[in-house]
Amino acid sequence: MNQYVEILRTPGVARIVSSQLLARFPYGMLSISVLLYIHERTDSYAIAGLVLAACSIGQAIAGPFSSRFMGQWGVRRVLIIETAVAGVALTVLALDDFAAPVYVGLGFVIGLSMPPVGSAVRTLYPKLVPAHQTSRLYSLDATAQEIIWVVGPIVATFVGTQLGGAWGIGASVAFLVGGGAWFISSPELGRVRIPPSRRRFGAVLTQPSIAVVTVTGFLLVGLWSAIEAGVVTAFGEGNAAGGFVLAISSIGSIAGGLAFGHLPIRPWTIARRMLIMTFGVALALASLDFWWLSLALFVTGIGTAPALAALSTVVSASLKFSDTAEAYGWVSTGQLIGAALGSGIAGILIDHVGSIGAILTGLGFGVAAVAVSSLAVRSLPDLRGRDISPQADTDAIQSVD
């Protein structure tokens with residue numbers, strides 16, 4: 001723990017970590033806020049699902065492009081434009097009744113314009129701390145982001161059910177704009193310029209380590225999307241027990257991140273951390289009892305934040321600084337696709353065999369992630385004792401405010 005306290009004492013780090021968490025907070029709110037609002041307006045979960053799907057598709061398409069644009073147009077310019085567009089689109093969505101196709105179109109625009117705060121901050125982190133602390137900072141980030149996925153849905157559900165769906169979206173806009181403004185105005189963001197990439201778009205995926213990280217991230221998030229669907233259906237819609245189980249899994253992730261996330265990254269690290277997650281899911285197959293499922297998913301959570309930290313660290317150490325933002329964009333896109341595929345397959349199996357089908361889906365994703373990261377171990381770097389900052393570009397990377 002003292003290692004993380006030391007990092008937070010580094011000038012600017014606490015501000016960047018806090019502001020980017022606030023700016024990304026709507027990611028934990030929007031699914032529930034939009035679902036409640038669209039159902040409230042249309043009395044149709046099908047239309048709400050289409051809107052959320054359009055939003056996810058927009059995010060998946062935009063991720064690599066908007067991240068790459070940060071090197072060409074500047075980080076602040078991209079974040080300001082996309083925050084403004086997303087804020088306006090969300091506001092319009094909440095202001096009036098529209099036909100279903102208009103709601104779906106607005107959902108797609110919202111997805112396209114969600115600012116790439118995650119890519120920006122992960123690109124920035126290696127410039128904030130000494131090289132030997134970078135991995136710990138990624139671990140701290142992966143651990144802290146559990147706040148988004150635990151508190152965000154709770155806030156969205158409370159506001160949406162007590163005050164109305166439009167207020168839930170309004171709260172999301174407030175976090176998006178307020179947190180975004182704080183992050184964008186941070187002096188540390190203005191001191192670092194991402195050089196324009198000289199490689200063709202998508203070329204980062206030809207780097208073996210980046211391909212492995214992208215596929216593993218896709219499988220990791222697919223695992224959790226399937227598990228979440230299974231937990232919700234196991235206890236029934238509206239039952240708080242499912243939420244408590246998922247909260248306990250997040251506590252496991254926080255504990256794992258603080259305990260193991262700072263350890264040196266070796267070629268086998270990702271496979272081992274994915275194995276912990278997969279073992280936890282396998283335990284869940286034994287029973288859907290509240291306490292057993294809580295224990296099993298606590299174990300799954302122990303591997304989650306450390307695995308995410310390892311993925312970010314490998315990206316940082318594998319590329320030139322000018323290419324890391326686009327790479328994080330591709331990783332994010334892979335995770336979005338994994339979320340959609342994991343929940344989709346889980347939903348089909350839930351209809352046929354019940355909630356255990358979702359657990360089996362999560363186990364399948366976990367086994368695939370362990371296999372991919374194990375078979376590709378020679379493509380992953382050994383970062384023990386190495387500088388894990390991005391490789392230097394020939395252009396200067398520092399600029400004045």
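With sequence neighbours excluded, no residue forms a side chain to side chain donor-acceptor pair (under 3.5 Å) with Thr361. Under the side chain to side chain donor-acceptor pair (under 3.5 Å) criterion, Ser355 pairs with Thr233, sequence neighbours left out.
Between Leu21 atom CG and Asp141 atom CG the span is 7.0 Å, to the nearest 0.5 Å. Of the inter-residue distances, the one linking Ser373 atom OG with Leu311 atom CG reads 9.0 Å to the nearest 0.5 angstrom. A distance of 11.0 Å separates CZ of Phe65 from CD of Gln72, quoted to the nearest 0.5 Å. With rounding to the nearest 0.5 angstrom, the CG atom of Leu223 is 10.0 Å from the CD atom of Glu228.
For residues 246-256, every residue pair satisfying the side-chain hydrogen bond (donor to acceptor under 3.5 Å, both in side chains) rule, not counting sequence neighbours, is listed here: Glu146-Ser250, Glu146-Ser253. Pairs engaging residues 276-289 under the side-chain hydrogen bond (donor to acceptor under 3.5 Å, both in side chains) rule: none recorded [sequence neighbours left out]. Sequence neighbours left out, the pairs with a member in residues 102-122 that pass side-chain hydrogen bond (donor to acceptor under 3.5 Å, both in side chains) are Ser67-Ser119, Arg122-Gln145.
Residues Ser66 and Trp73 are not in side-chain contact: their nearest non-hydrogen atoms beyond the backbone lie 4.5 Å or more apart.
Under a 3.5 Å cut-off, the side chain of Ser186 and the backbone N or O of Phe183 do form a donor-acceptor pair. Side chain of Arg273 to main chain of Phe260: a donor-acceptor pair is present (N/O by atom type, distance under 3.5 Å, no hydrogens or angles). In this structure, Arg68 contributes its side chain and Glu326 its backbone to no donor-acceptor pair below 3.5 Å. Ser318 places no side-chain N or O within 3.5 Å of a backbone atom of Val315 that could act as its donor or acceptor partner.
Remark: Phe98 CZ is packed, more than 12 non-hydrogen atoms of other residues, nucleotides or ligands lying under 6.0 Å away.
Under 3.5 Å, the side chains of Asp323 and Gln207 contain no donor-acceptor pair of N or O atoms.
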Indicate every side-chain donor-acceptor pair of residues 170-178 with a distance under 3.5 Å to a residue at least two apart or in another chain.
| unit_1 | atom_1 | unit_2 | atom_2 | d |
| --- | --- | --- | --- | --- |
| Ser172 | OG | Gly168 | O | 3.2 |

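Between Phe218 and Trp330, a ring centre-to-centre spacing not shorter than 6.0 Å is recorded.
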